[in-house]
Amino acid sequence: MERGLVRRGASKRPQKRGGGVPQALGEAQAKSRSAMVSPTPPPTLRKSRRDKAEMYIVRTDGFTCNREIVQDSTLKFAHPSTQQQMLMWKTRPKRALVLKKLGDELLPQLLELSEFLFQEEGIAVLVEPHVHRRIAKEGGYDFVDTFPEKNAGILEDIVDFVVCLGGDGVILHSSSLFKRAIPPVISFNLGSMGFLTSHRFKHYREDLKSLIYGEQGLEGVFITLRMRLRCQICREGEPLPGKTFEVMNEVVIDRGANPFLSMIECYERGRLITKVQADGVMVATPTGSTAYSVAAGGSMVHPTVPCMLFTPICPHSLSFRPVILPDSAELELKIPHDSRSTGWVCFDGKWKQELNRGDSVAIKMSEFPMPTVNKSDQTNDWFASLVRCLSWNERLEQGGRTVEWD
């Protein structure tokens with residue numbers, strides 16, 4: 001971005017004039033009086049140039065301002081902060097990871113879908129190790145492969161897309177398998193609720209073909225880039241090794257089985273913003289806003305809104321309301337040394353562990369979102385899930401006005 005803007009029609013910067021605003025007002029009044037007594041008609045009015053200080057704006061994080069524009073000393077936005085995203089392949093996908101919920105209930109659907117991917121589309125199929133051992137008992141599915149149970153980190157280097165069979169829990173599980181970049185995820189609703197699963201299994205052939213062959217047409221498939229949170233447990237300000245988590249829904253700190261209220265200090269970039277005295281507090285993503293957060297009184301937020309939700313759990317203050325923070329916030333939730341008890345933290349409802357006095361959890365936006373494939377687009381899918389799963393604003397319609405004719 002240029003550090004200054006030259007006004008149109010000006011060859012050089014104008015010289016400073018003495019007198020300032022009072023002198024300018026006096027000259028204007030003198031011209032007005034002379035125009036009133038002059039017998040000649042006033043000259044034709046022309047649009048005056050802006051007499052404003054030139055300016056520019058910069059981002060404090062070092063990135064270029066590509067949305068904010070300064071033109072003729074006027075600030076404006078070049079485009080909305082979020083837009084609809086479409087996935088199009090440069091090369092054809094070769095390998096898919098197929099996940100399902102626990103148990104044998106969905107094993108037939110997994111085998112049917114795996115046969116379609118391998119035999120009809122030439123896509124190699126990976127499943128989790130425990131599912132692979134179960135399939136081996138069936139026989140006839142040698143084309144289904146797996147990965148080392150203790151080396152799931154290789155998945156982000158070899159998997160082109162993920163297929164989830166089940167409900168929202170399977171999608172959360174897929175997020176936990178990828179500590180860094182996640183490939184596109186398409187999910188089929190075979191669970192109990194499935195707020196995030198917008199595809200129906202009976203249409204899996206058409207939906208998977210749309211995903212696989214997106215590069216051959218003028219249109220790809222719409223996706224939603226779902227923000228995740230990167231959480232790090234610290235002890236006395238120092239990160240603990242092996243205690244970093246990528247969270248898709250929310251991170252929760254509560255009192256656990258302790259009889260006392262939680263005492264949690266909340267910092268944003270090192271500045272104390274509040275002390276929580278409550279059963280607990282959570283920081284949720286927009287995707288997680290329709291889960292635990294909404295049950296605790298938080299707002300429901302569209303998944304592409306760049307923000308974090310700061311939601312208290314049963315606070316001991318009527319004025320402690322949930323707030324929404326920008327995605328640039330960097331939070332730290334700390335158990336103070338003078339707290340009556342310790343705290344407990346869990347990430348997406350898992351990996352629950354105790355926080356001692358002096359321990360804290362550092363929370364910020366992850367640089368690796370989860371791309372989920374939409375059935376129609378990100379907004380239609382979201383509102384459809386609100387109505388289907390939460391019965392959002394459903395009620396009997398009020399009767400219309402009855403018109404009586406004479």
Side-chain angles (χ1 to χ4, degrees), residues 58-63 227-286 288-289 291-299 301 305-349 351-367:
V58 296
R59 288 176 59 121
T60 59
D61 54 9
F63 292 97
M227 168 185 164
R228 295 197 297 174
L229 298 175
R230 183 174 180 83
C231 305
Q232 172 71 60
I233 298 180
C234 303
R235 178 152 296 163
E236 301 298 341
E238 296 297 326
L240 294 179
K243 297 297 184 180
T244 303
F245 305 89
E246 296 284 332
V247 174
M248 184 175 172
N249 267 0
E250 73 279 310
V251 52
V252 178
I253 298 181
D254 58 31
R255 61 190 178 93
N258 295 316
F260 306 106
L261 287 174
S262 294
M263 171 68 80
I264 305 169
E265 294 177 346
C266 303
Y267 297 86
E268 201 281 322
R269 297 180 185 267
R271 297 166 295 189
L272 180 66
I273 55 176
T274 191
K275 291 185 179 180
V276 175
Q277 297 182 84
D279 280 352
V281 67
M282 76 181 78
V283 179
T285 65
S289 69
Y292 191 3
S293 179
V294 73
S299 299
V301 181
V305 176
C307 68
M308 303 177 189
L309 288 84
F310 186 81
T311 308
I313 305 171
C314 299
H316 200 251
S317 171
L318 294 178
S319 61
F320 193 0
R321 308 307 303 159
V323 296
I324 297 178
L325 304 174
D327 60 354
S328 60
E330 295 184 8
L331 302 176
E332 182 183 11
L333 306 182
K334 181 179 180 180
I335 306 298
H337 288 283
D338 59 351
S339 175
R340 288 189 176 185
S341 61
T342 60
W344 290 82
V345 62
C346 63
F347 309 90
D348 281 342
W351 308 302
K352 193 176 183 72
Q353 47 203 290
E354 189 173 16
L355 295 176
N356 296 319
R357 297 172 181 87
D359 290 353
S360 62
V361 180
I363 306 166
K364 65 179 181 179
M365 182 192 76
S366 171
E367 60 181 322

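Hydrogens, waters and symmetry mates play no part in the numbers below; they use all other heavy atoms, side chains included.
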Quick one, Phe310 with Cys266, criterion side-chain contact (heavy atoms from CB on, under 4.5 Å). Give me CA distance, side-chain angles, the key distance, then yes/no.
CA-CA 10 Å; Phe310 186 81; Cys266 303; 3.5 Å; yes
Between Thr311 and Glu250, does the side-chain contact (heavy atoms from CB on, under 4.5 Å) criterion hold? Intermediate values first, please.
CA-CA 10 Å; Thr311 308; Glu250 73 279 310; over 6 Å; no
Which is it for Val252 and Ile313 under the side-chain contact (heavy atoms from CB on, under 4.5 Å) test, yes or no, and what are the steps along the way?
CA-CA 9 Å; Val252 178; Ile313 305 171; 3.8 Å; yes
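Gln232 contributes no side-chain N or O that, together with a main-chain N or O of Glu238, makes up a donor-acceptor pair within less than 3.5 Å. Distance alone, capped at 3.5 Å, is enough to place a donor-acceptor pair between the Ser262 side chain and the Asp279 backbone. Checked by atom type and distance alone, the side chain of Asn249 never pairs as donor or acceptor with a backbone atom of Asp348 at under 3.5 Å. No donor-acceptor distance shorter than 3.5 angstrom exists from the side chain of Arg235 to the backbone of Leu240, with no hydrogens or angles considered. Of the possible polar contacts, one joining the Asn258 side chain to the Thr342 backbone as a donor-acceptor pair under 3.5 Å is found.
Looking at every heavy atom in both residues, Pro286 comes nearest to Cys307 through CD-O, 3.3 Å. Here the closest heavy-atom approach between residue Ala284 and residue Leu229 is recorded as C-CD1, 4.3 Å. Here the shortest heavy-atom pairing between Gly297 and Pro322 reads O-CG, 3.5 Å. Taking both residues in full, the closest heavy atoms of Gly358 and Lys334 are given as O-CE, 4.1 Å, listed atom of the first, atom of the second, then distance. Here the shortest heavy-atom pairing between Ser299 and Leu309 reads O-CD2, 3.3 Å. The two atoms that bring Arg228 and Met248 nearest to each other are CG-CA, 4.2 Å, heavy atoms only.
Considering only residues two or more places apart in sequence or on other chains, Met365 meets the side-chain contact (heavy atoms from CB on, under 4.5 Å) condition with Met227, Met308, Asp327.
The line from CD of Glu332 to CG of Leu272 is 10.5 Å long, rounded to the nearest 0.5 Å. Considering SG of Cys346 and CG of Asp254, their distance stands at 6.5 Å, rounded to 0.5 Å. Taken to the nearest 0.5 Å, the CG atom of Leu333 stands 11.0 Å off from the SG atom of Cys234. To the nearest 0.5 Å, the span separating OG on Ser341 from CG on Asn356 amounts to 11.0 Å. For the atom pair Asp359 CG and His337 NE2, the distance stands at 9.0 Å (nearest 0.5 Å). Between the CD1 atom in Ile253 and the CD1 atom in Ile363 there is a gap of 6.0 Å [rounded to 0.5 Å].
Residue Lys352 qualifies as enclosed at atom NZ: its count of foreign heavy atoms under 6.0 Å is above 12. Counted within 6.0 Å of CD on Gln277, heavy atoms from surrounding residues, nucleotides or ligands total 12 or fewer; the atom is thus considered open. Residue Glu236 places its CD atom among more than 12 non-hydrogen atoms of other residues, nucleotides or ligands, all under 6.0 Å distant.
Of the charged side-chain nitrogens involved, at least one lies within less than 4.0 Å of a carboxylate oxygen, so that Glu268 and Arg271 count as a salt-bridged pair.
With Glu330 as the partner, the salt bridge (Lys or Arg N to Asp or Glu O under 4.0 Å) test is satisfied by one option alone out of Arg269, Arg230, Lys364: Arg269.
Sorted by first and then second residue, the ring pair (Phe, Tyr, Trp, His ring centres under 6.0 Å) pairs with a member in residues 228-257 read Phe245-Phe347, Phe245-Trp351; sequence neighbours excluded.
Side-chain contact check for Phe320 versus Val276: some heavy-atom pair is nearer than 4.5 Å.
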